[in-house]
Enquirer: 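The structure under discussion is supplied below as structure tokens; questions concerning it will follow.
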Amino acid sequence: MKTILFLFSVLSSILVFFFYYFNGITLDSLFFTFLYGIIFFSALFFKKDKAKIDIFRPYYLTSILLYLYSVAAILYVNETNLTLYGEFVSESLYISFIFASLLTQVGLSLGFVIQSRLGFEPNRVKKSSLMKESSSEINYLLFFTVLFSIAFLPFYYDNFLPSAAVSYSDWSLQSRVERLGDNTSGIREILFETFPTILLLCSSIYISFNKKINLFLRLAALILLLSFMYTQFLSGARYTLVLSMILIATYINFKFYKFNFLQVILGGILVYILINLLGLLRVTANPIEMFYLLTDEIGLSGLSFLSLQSSSELLTSLNTVRVIDAIDSGQTNFQYGTLFVDQILAFVPKFIWAGRPELASELYVKTFYPGIYESGGGFGFSIVAEGYWELGLFGCLIYGFMTGIIGEKFFQMFSKAKNNDVYIFLYALIFSRIVISINRGGLIASLKAAIIIAAPILFIIIIYKIIQLFKKNENTVDT
């Protein structure tokens, strides 16, 4: 009991500390929070099951992140009346943005509730058979991890080597320019970097937490995992670092220990601090220079860089305001479904179709900031901007609805195999994209990213299923 009281006191102190620095809280943001909360909690009341809140159920974290991105933009506009790039935000634009965000959440909640009521009950498969299948698939995972990690070592080893870390400002623009200039760069990156890296991460997590495995091998796996995370921190690769954290947290949550509400809040605060720290420090990969940057920033502005309206990550939501303004002024028009179709066609690899349509995030930069697009730069996008560009406020409702349906359907499918280690990793990888990336790239781009990041584990599962099918057919013939 004393431990619980202590943790609660620590949590309360941290929350009060944060709110002290959120110096731009306004009546607008509070009213938005009130309406958003009604929409969010209404869905929990109407959903079919009575399961406890699980942060790894897509609806919860998707809604929380959409709220944070929206409130950050509201606070920033209240403070400056501008977008991040200096464009004036009128009152009508401001109100349209608020309605767009709220209607996106309405759609998300409706999709979640409807799918939760239409969803199937998990198959009652014996736990022993699930464990046997999981053990077999894990062996395939470990085998292909060794195979790919050895075969493609020269292409990815620097992801695990802190001394080879390059700052975000150096590698991000260069990688975008390479993708624009080479139609085969994407497929090479998936095969030679994504495959071995993801397989190594998943295998390292499995080995680190498996008490049946030799202690020295477990330590080696843990060192490899921590080395990767530290390298990504030095490189300022926020999404890759968060991905590794999601893999670990999801595996623990479904395999060993269900995180409680207090732990989720504390973890969320720590991740928020980390993400905003990286936004400040990723101009360099030198840890000493990072330290001096941080102390200089604190000396000049205190901890204001942790406020919502100062978060470079969250303020990408202001791109929605730019889209609304462009439509109102006639610079662009509603897409009426063509944006959706074009993004589906963008799934075709460039080495097959060089002139394929762009994803919405690419189209946004190309339309509104062509000079930056040609130089290889880019901006974040969001599901709110995606929906509004498609069909205005009604489009926000539709895209939110699709997000709610997809997220809950995915969770229901996973619930049948949540005792299987390989499927836990698959779930974590897809979750990291359809939930985390949706406010940075939009719905369709996040689905494409989910397929790419999950490809190594999908490959393992497909190979396993094919071999099992051949074995079954052989046994049938013999009989």
Side-chain angles (χ1 to χ4, degrees), residues 54-66 68-69 108 141 156 159 168 189-190 193-206 209 225 228-229 231-233 235-255 259 264 267-268 270-272 274-275 278-279 313-314 316 359 361 380-383 403-404 406-415 417-418 420-461:
D54 186 347
I55 196 65
F56 293 102
R57 192 171 186 171
Y59 174 72
Y60 297 113
L61 191 54
T62 303
S63 299
I64 291 170
L65 290 175
L66 177 58
L68 291 175
Y69 276 88
L108 179 61
L141 172 64
Y156 73 88
N159 289 330
Y168 175 83
E189 182 179 336
I190 293 170
E193 293 185 43
T194 303
F195 260 73
T197 300
I198 293 300
L199 293 178
L200 266 175
L201 285 177
C202 294
S203 295
S204 296
I205 293 169
Y206 170 76
F209 287 95
L225 182 61
F228 174 83
M229 295 176 69
T231 303
Q232 301 314 301
F233 175 82
S235 299
R238 291 188 290 200
Y239 269 83
T240 311
L241 180 58
V242 170
L243 170 64
S244 59
M245 296 169 70
I246 288 175
L247 278 168
I248 295 170
T250 308
Y251 190 70
I252 293 173
N253 186 73
F254 289 113
K255 189 72 176 177
F259 293 114
V264 168
L270 290 174
V271 171
Y272 178 83
L274 179 62
I275 293 300
L278 282 176
E313 170 63 30
L314 297 179
T316 54
L359 291 166
S361 56
F381 204 58
S382 75
I383 184 178
T403 301
I406 292 170
E408 181 61 12
K409 181 68 175 179
F410 172 57
F411 179 79
Q412 291 169 350
M413 292 173 65
F414 166 71
S415 65
K418 62 183 179 181
N420 186 311
D421 297 76
V422 173
Y423 281 88
I424 292 175
F425 291 131
L426 177 65
Y427 181 81
L429 291 167
I430 297 176
F431 180 91
S432 72
R433 291 302 180 256
I434 66 171
V435 172
I436 306 298
S437 300
I438 206 165
N439 289 293
R440 285 285 295 177
L443 173 60
I444 309 303
S446 296
L447 291 176
K448 180 180 179 181
I451 293 172
I452 292 172
I453 202 71
I457 301 298
L458 287 171
F459 170 78
I460 300 296
I461 293 172

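Quick caveat, the model's predicted, so the values are computed rather than measured. Only heavy atoms go into these numbers, but all of them, side chains included; no hydrogens, no water, no symmetry mates.
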Enquirer: Parallel, tilted or perpendicular, judged at 30° and 60°: which one describes the rings of Phe414 and Phe254?
Expert: perpendicular
Enquirer: Identify, with sequence neighbours excluded, every residue that meets ring pair (Phe, Tyr, Trp, His ring centres under 6.0 Å) alongside Phe411.
Expert: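 With sequence neighbours excluded, Phe411 shows a ring pair (Phe, Tyr, Trp, His ring centres under 6.0 Å) to no residue whatsoever.
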Enquirer: Which residues pass the side-chain contact (heavy atoms from CB on, under 4.5 Å) test with Ala450, not counting sequence neighbours?
Expert: Ile430, Arg433, Ile434
Enquirer: Side chain of Ser432, backbone of Leu429: donor and acceptor closer than 3.5 Å?
Expert: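 Looks like yes, one N/O pair under 3.5 Å.
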Enquirer: Which distance, rounded to the nearest 0.5 Å, do you find between the OG of Ser446 and the CD1 of Ile453?
Expert: 12.5 Å
Enquirer: Could you list all the salt bridge (charged side-chain N to carboxylate O under 4.0 Å, His left out) pairs where at least one residue sits in residues 447-457, not counting sequence neighbours?
Expert: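 Qualifying pairs, neighbours excluded: none.
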Enquirer: Leu68 vs Ile64, test: side-chain contact (heavy atoms from CB on, under 4.5 Å). Steps then yes/no.
Expert: CA-CA 6 Å; Leu68 291 175; Ile64 291 170; 4.2 Å; yes
Enquirer: Rounded to the nearest 0.5 Å, how far does CD1 of Ile205 lie from CD1 of Ile424?
Expert: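 Here the interatomic distance stands at 11.0 Å.
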Enquirer: With a 4.5 Å cut-off on side-chain heavy atoms, are Ile438 and Leu65 touching?
Expert: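 Result no, sub-4.5 Å side-chain heavy-atom pair not found.
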Enquirer: For Thr403, what residues pass the side-chain hydrogen bond (donor to acceptor under 3.5 Å, both in side chains) criterion, not counting sequence neighbours?
Expert: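 So Thr403 forms no side-chain hydrogen bond (donor to acceptor under 3.5 Å, both in side chains) with any residue.
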Enquirer: How far apart are the closest heavy atoms of Asn159 and Phe228, and which atoms are they?
Expert: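 In this case the closest contact between Asn159 and Phe228 is O-CD1, 3.3 Å.
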Enquirer: Stepwise, does the side-chain contact (heavy atoms from CB on, under 4.5 Å) test hold for Tyr272 with Leu314?
Expert: CA-CA 10 Å; Tyr272 178 83; Leu314 297 179; 3.9 Å; yes
Enquirer: To the closest 0.5 Å, what do you measure between OG1 (Thr316) and CZ (Arg440)?
Expert: 4.5 Å
Enquirer: Residues in ring pair (Phe, Tyr, Trp, His ring centres under 6.0 Å) with Phe425, at least two apart?
Expert: Tyr251
Enquirer: First locate atom CD1 of Ile190, then atom OG1 of Thr197, and finally report the distance between them rounded to the nearest 0.5 Å.
Expert: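 Output value for this atom pair is 12.5 Å.
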Enquirer: Could you check if a side-chain atom of Ile275 sits within less than 4.5 angstrom of a side-chain atom of Val271, using non-hydrogen atoms only?
Expert: yes
Enquirer: Is any side-chain heavy atom of Tyr69 closer than 4.5 Å to a side-chain heavy atom of Ser382?
Expert: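 Of all side-chain heavy-atom pairs linking Ser382 with Tyr69, none is under 4.5 Å.
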Enquirer: Regarding Gln232 and Tyr239, do their side chains bring together a donor and an acceptor under 3.5 Å, going by distance alone?
Expert: no
Enquirer: Which heavy-atom pair separates Thr194 from Ile452 by the least distance, and what is that distance?
Expert: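 Answer, listing the atom of Thr194 first, then Ile452: CG2-O, 4.1 Å.
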Enquirer: CD1 of Ile383 to OG1 of Thr62: how many Å apart, nearest 0.5 Å?
Expert: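 Atom-to-atom, Ile383:CD1 and Thr62:OG1 are 8.5 Å apart.
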Enquirer: Less than 4.5 Å apart, side chain to side chain, heavy atoms only: is that true for Leu274 and Leu270?
Expert: no
Enquirer: So which atom in Ser361 and which in Phe381 form the shortest heavy-atom distance, rounded to 0.1 Å?
Expert: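 Closest approach of Ser361 to Phe381: CB-CB, 3.7 Å.
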Enquirer: Does the side chain of Leu141 come within less than 4.5 Å of Asp421's, by heavy atoms?
Expert: no
Enquirer: Considering residues at least two apart in sequence or located in another chain, which fulfil the side-chain hydrogen bond (donor to acceptor under 3.5 Å, both in side chains) criterion with Tyr60?
Expert: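 If we apply the side-chain hydrogen bond (donor to acceptor under 3.5 Å, both in side chains) test to Tyr60, skipping adjacent residues, there are no hits.
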Enquirer: Run the side-chain contact (heavy atoms from CB on, under 4.5 Å) test against Ala428 and tell me which residues pass, sequence neighbours left out.
Expert: Ile246, Leu247, Thr250
Enquirer: Which one of Tyr423, Phe431, Tyr427 satisfies the ring pair (Phe, Tyr, Trp, His ring centres under 6.0 Å) criterion with Phe410?
Expert: Tyr427
Enquirer: What residues, two or more places apart in sequence or in another chain, satisfy side-chain contact (heavy atoms from CB on, under 4.5 Å) together with Leu278?
Expert: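 With sequence neighbours excluded, Leu278 shows a side-chain contact (heavy atoms from CB on, under 4.5 Å) to Phe233, Arg238, Leu241, given in chain and number order.
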Enquirer: Can you sort out the partners of Ser203 under side-chain hydrogen bond (donor to acceptor under 3.5 Å, both in side chains), two or more places apart, ordered by chain and number?
Expert: Thr145
Enquirer: Taking the side chain as every heavy atom from C-beta outward, state whether Leu199 and Ile460 have any pair of such atoms under 4.5 Å apart.
Expert: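 Side-chain contact under 4.5 Å: yes.
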Enquirer: Which residues satisfy the side-chain hydrogen bond (donor to acceptor under 3.5 Å, both in side chains) test with Tyr156, sequence neighbours excluded?
Expert: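 In terms of side-chain hydrogen bond (donor to acceptor under 3.5 Å, both in side chains), with neighbours along the sequence ignored, Tyr156 is linked to no residue.
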Enquirer: Can you tell me how far the CZ atom of Phe195 sits from the CG atom of Leu200, to the nearest 0.5 Å?
Expert: 13.0 Å
Enquirer: Answer whether the closest heavy-atom distance between the side chains of Ile406 and Leu443 falls below 4.5 Å.
Expert: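 Yes, at least one pair of side-chain atoms sits under 4.5 Å.
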Enquirer: Considering only heavy atoms from C-beta outward, does the side chain of Leu61 approach that of Ile436 to under 4.5 Å?
Expert: yes
Enquirer: Would you please name every residue forming a side-chain contact (heavy atoms from CB on, under 4.5 Å) with Ile252, sequence neighbours left out?
Expert: Phe209, Ile248, Tyr257, Phe259
